[in-house]
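One structure below.
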Amino acid sequence: MDVRFEILRFDPARDAKPHWEDYTVELEPTDRVLDGLEKIKGERDGSIGYRRSCAHGVCGSDAMKINGRNRLACKVLIRSVRQPIRIEPMMGFTVHKDLLVDMEPFFKKYRSIRPYLIEASERPDAERLQSPENREKFDDTTKCILCGACTTSCPSFWADPNYVGPAAIVQAHRFIFDSRDEGKEERLKILNEREGVWACRTVFNCVDACPRGIQVTRAIGEVKQALTRGKVD
Amino acid sequence: MAVHQFDGVIVGAGGAGLMAALQASKGAKIAVVSKLYPTRSHTGTAQGGIGAALGNLEKDSWEWHMFDTVKGSDYLADQDAVELMCREAVETVYELEHMGLPFSRTPEGKIAQRPFGGHTREFGKGPVRRACYAADRTGHMILQTLYQQCIKQGVTFFDEFHVVDLLISEGRTAGVVAVELATGELHTFHAKGVMFATGGSGRMFKITSNALTLTGDGMGILYRRGIPLQDMEFFQFHPTGIYKMGILITEAARGEGGILRNKAGERFMERYTPTLKDLAPRDMVSRAIHQEVLEGRGIDGKDFVHLDLTHLDADAIHKKLPDITDFVETYLGIDPTKQPIPVQPTAHYAMGGIPTDASARVVVDDKKTVMPGLYAAGECACVSVHGANRLGTNSLVDIIVFGRRGGKSLLEDVKRDPLPPLPADPEKQARERIARLMAEGGQRVSDIRTEMQARMTEKASVFRIAEGLTDVIGRLKQLRKRAESVRLTDRGKAYNAELMEAMELEYLLELAEATAAAALARQESRGAHYREDFPKRDDANWLKHSLVWRQPDGSPRLGTKPVTITRFEPKERKY
Ligand SMILES: Cc1cc2nc3c(=O)[nH]c(=O)nc-3n(C[C@H](O)[C@H](O)[C@H](O)COP(=O)(O)OP(=O)(O)OC[C@H]3O[C@@H](n4cnc5c(N)ncnc54)[C@H](O)[C@@H]3O)c2cc1C
Ligand code: SF4
Ligand code: FES
């Protein structure tokens with residue numbers, strides 16, 4: 001069937017400001033929006049800028065605004081969206097080209113929360129033990145693929161680009177609630193700052209945006225609670 | 001011209017590249033150069049598990065793991081390398097846990113393990129739980145954990161730099177040339193040592209589990225610089241890709257009790273491999289599916305069968321295979337605990353690649369001659385630990401074990417060796433190649449690519465025959481000719497993905513031809529390589545690796561190399 005796309009194009013080397021362009025391509029209802037972009041790029045206009053790799057929702061490359069909501073283009077089927085399918089870049093980061101935004105500020109926020117296991121004790125010969133119950137406490141937040149959909153849908157982030165943002169908090173949660181981690185105080189201190197977890201206004205946009213189904217707001221709530229109570233459990 | 005000087009450069013930031021970086025950057029100035037942000041690498045899509053004989057749930061030993069790997073390889077793997085891998089698998093999995101990898105856990109809190117195809121106890125007596133896993137996102141957790149450790153260690157990254165050429169001077173590796181995607185500018189990385197960890201090449205096929213970016217760049221770049229490739233005819237087709245899309249449904253689905261059924265609802269694997277049934281190695285299961293389809297027992301008479309999980313406990317499936325459930329719901333709109341999943345074999349894994357020794361140093365002939373300063377690890381390399389057919393969970397072991405070994409070799413060598421001079425005008429080849437591709441032509445990259453993929457899937461996959469392969473080789477030559485005059489509509493420099501895809505296509509076309517040529521030459525059936533016209537394994541003539549060199553006109557020249565056999569003499573493979 002014929003499928004209509006409207007894509008917000010912008011090439012800073014040439015354009016003064018972004019403009020919409022229309023494309024119609026033939027696709028199956030079960031194709032992904034990404035298949036549509038690939039087809040447009042392959043057959044109509046090879047200059048459309050976007051990132052993609054895995055094409056099945058696990059690498060986090062192709063978060064963008066599809067009909068007004070942050071989605072992975074490879075995880076939305078044509079049959080599930082209204083036409084014309086309007087596609088824009090995620091909000092809040094500098095646009096490099098079309099749907100491609102500068103992700104460096106996003107990764108900087110990620111790095112700021114010390115996203116690695118902090119170990120003080122000696123490593124044992126075999127694995128450290130962790131009960132299935134303790135493992136379960138941070139299961140949800142291990143799913144994050146750093147796509148940026150949550151952070152760029154968050155009004156607190158739009159208002160204050162320095163806000164660390166939901167994705168970084170999700171990543172911090174993954175360590176704070178890991179019984180093996182010995183850097184909880186450090187990380188909680190970072191999130192307790194002005195641009196940390198308290199900037200969250202519980203708008204829930206992040207939960208709607210997250211392609212991995214992570215309960216982002218709940219994770220943020222658990223971090224807030226840990227801060228209030230001064231301990232993790 | 002931007003020139004960066006490093007002791008060592010690692011091309012690729014998947015599991016193999018990051019593991020190498022963690023080792024090498026301990027004592028030398030190292031850059032990791034990757035066309036993708038590290039966390040986008042395809043290692044992150046690995047689902048089922050990483051194999052190591054920890055014995056957490058039942059008795060296991062590295063020797064059994066070694067035996068299974070050798071037998072699974074149809075005796076083509078080099079047994080000295082397999083032994084190293086299976087021994088070191090245990091300590092490297094512990095190391096991953098120490099780095100923070102959130103493995104699923106047993107009730108006692110140990111790393112959880114599950115059965116996987118071809119992994120057995122006591123040399124083939126029955127399935128064993130050896131695959132260590134983190135739900136069905138083991139690769140995601142490996143990639144995340146290694147990247148986290150790289151951040152902790154302050155590893156230097158050049159993200160979104162697309163490597164296009166290898167530099168050689170005075171017979172030594174001298175660095176690489178890369179395109180900075182954001183600007184389109186060329187950069188020269190001048191170094192004493194270069195490791196390639198660029199992953200697979202599944203995009204030469206139409207139906208594949210591989211990312212759009214898995215285009216065999218490392219193999220292609222080295223091939224163009226005169227380095228041979230090994231065992232290219234061995235490409236693994238995973239039995240359970242989602243019908244038409246190729247998206248992988250992990251073997252863990254069968255490890256957890258899933259059953260393959262034909263249109264009569266019959267559990268057909270019982271007929272093919274009575275002991276291991278649905279958990280037989282991939283080559284056998286993929287062939288069985290094709291056979292069922294050929295004999296008219298595909299679902300609705302079509303070219304797929306069903307993977308049935310409906311008899312299993314729904315809660316357990318949601319817990320142990322959450323991503324799989326999500327894929328099936330998202331892409332097929334069905335609930336796998338209530339309806340069977342339509343599946344067909346999908347091009348999955350390149351057993352062949354850049355030949356290396358067990359320290360990940362690249363060897364360029366049949367006499368173990370090392371190319372100074374050049375290393376390869378991960379799916380782009382061929383050690384060979386997988387031989388003619390890789391067992392599930394063994395690639396993640398491979399990337400971790402040989403990524404680590406490669407990082408150590410690189411470090412050792414760069415500490416000792418001087419920096420070779422750069423060749424005169426190091427960016428010349430890259431510049432000319434880009435100019436040629438940007439020149440006005442008439443051919444669309446996507447058309448050539450689509451045709452290559454269709455031909456390869458049709459004629460060079462699970463079943464192969466001389467006429468088909470000869471036909472494919474002819475077509476690929478024509479396609480290569482067409483690819484000499486492509487038309488690119490993107491005239492800009494910044495993020496010119498079309499130009500990058502044109503280069504990726506050049507690699508794929510040559511690698512596809514090498515694959516088909518090696519497949520035509522090998523007149524026997526072994527592991528993933530099945531010839532209808534030569535259905536038997538022929539140890540007398542073919543118990544050897546193949547090598548392929550690129551000739552100046554781009555077509556392949558073939559050779560061979562002996563197989564190392566230590567503990568296990570070749571036997572007929574029965575499961
Ligand atoms: C869906 C799926 C599931 C799998 N499940 C399992 C499993 O359960 N167990 C198992 O053992 N194996 C599994 N495998 C296989 C295994 O995941 C891969 O073989 C392995 O992860 C490859 O790792 P790698 O480090 O070699 O390459 P990759 O992770 O693919 O990384 C390649 C890197 O190279 C970079 N690169 C490529 N070309 C260039 C270039 N020109 N310039 C610069 N950088 C470049 C990329 O940016 C990337 O960082 C699975 C594979 C797939 C596809
Ligand atoms: S929490 Fe979800 S939306 Fe946010 S970065 Fe992670 S995966 Fe993306
Ligand atoms: S392309 Fe990987 S998440 Fe969409």
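In what follows, every chain begins at residue 1, and chains take the letters A, B, ... in the order their sequences are listed.
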What part of [X] gets within 4.5 angstrom of chain A, counting heavy atoms only: side chain, backbone, both, or neither?
| X | result |
| --- | --- |
| Asp447(B) | neither |
| Glu160(B) | side chain |
| Leu101(B) | backbone |
| Tyr495(B) | both |
| Asp159(B) | neither |
| Pro107(B) | backbone |
| Thr106(B) | backbone |
| Leu332(B) | backbone |
| His98(B) | both |
| Lys319(B) | side chain |
| Ile247(B) | side chain |

What do you reckon, is [atom1] of [X] surrounded by more than 12 foreign heavy atoms closer than 6.0 Å?
| X | atom1 | value |
| --- | --- | --- |
| Glu329(B) | CD | yes |
| Arg69(A) | CZ | no |
| Arg491(B) | CZ | yes |

Only pairs of heavy atoms separated by less than 4.5 Å count here; which of Glu95(B), Met245(B), Lys244(B) has the most with chain A?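 Of the candidates given, the most pairs with chain A belong to Met245(B).
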Among Gly139(B), Pro102(B), Ala182(B), single out the residue with the greatest number of heavy-atom pairs under 4.5 Å to chain A.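 Winner by heavy-atom pair count: Pro102(B).
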[X] and [Y]: side-chain donor and acceptor closer than 3.5 Å?
| X | Y | answer |
| --- | --- | --- |
| Thr213(B) | Arg40(B) | no |
| Asp60(B) | Gln113(B) | no |
| Ser47(A) | Arg9(A) | yes |
| Asp208(A) | Ser153(A) | no |
| Glu43(A) | Ser446(B) | no |
| Glu104(A) | Tyr37(B) | no |
| Thr346(B) | His238(B) | no |

Who among [options] has the most heavy-atom pairs with chain B under 4.5 Å?
| options | result |
| --- | --- |
| Gly57(A), Ala13(A), Cys147(A), Gly60(A) | Gly60(A) |
| Lys143(A), Glu136(A), Met103(A), Arg174(A) | Lys143(A) |
| Arg79(A), His96(A), Gln171(A) | His96(A) |
| Lys41(A), Arg51(A), Arg44(A), Glu119(A) | Arg51(A) |
| Ser61(A), Ala126(A), Gly42(A) | Ala126(A) |
| Arg212(A), Arg111(A), Arg14(A), Arg123(A) | Arg123(A) |

Please walk me through it: do Asp178(A) and Gln130(A) pass side chain to side chain donor-acceptor pair (under 3.5 Å)? CA-CA 9 Å; Asp178(A) 185 337; Gln130(A) 181 172 54; 3.0 Å; yes
Please classify the contact of [X] with chain B as side chain, backbone, both or neither, using a heavy-atom distance under 4.5 Å.
| X | answer |
| --- | --- |
| Arg52(A) | both |
| Ile48(A) | neither |
| Glu133(A) | neither |
| Lys39(A) | neither |
| Leu100(A) | side chain |
| Asp125(A) | backbone |
| Tyr50(A) | neither |
| Pro124(A) | both |
| Lys97(A) | side chain |
| Arg128(A) | both |

From [atom1] ([X]) to [atom2] ([Y]), nearest 0.5 Å:
| X | Y | atom1 | atom2 | value |
| --- | --- | --- | --- | --- |
| Thr24(A) | Asp2(A) | OG1 | CG | 6.5 Å |
| Asp181(A) | Ile118(A) | CG | CD1 | 5.5 Å |
| Cys74(A) | Leu37(A) | SG | CG | 10.5 Å |

I want to know whether Tyr331(B) and His56(A) have ring centres closer than 6.0 Å.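 Distance test on ring centres: not under 6.0 Å, no.
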Applying ring pair (Phe, Tyr, Trp, His ring centres under 6.0 Å), run through Phe157(A) and Phe93(A) and close with a yes or a no. CA-CA 10 Å; Phe157(A) 162 69; Phe93(A) 294 128; 5.3 Å; yes
What's the shortest heavy-atom distance between Ile145(A) and Pro211(A), and which atoms?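 Where Ile145(A) meets Pro211(A) most closely, the heavy atoms are CD1-CG, 4.4 Å.
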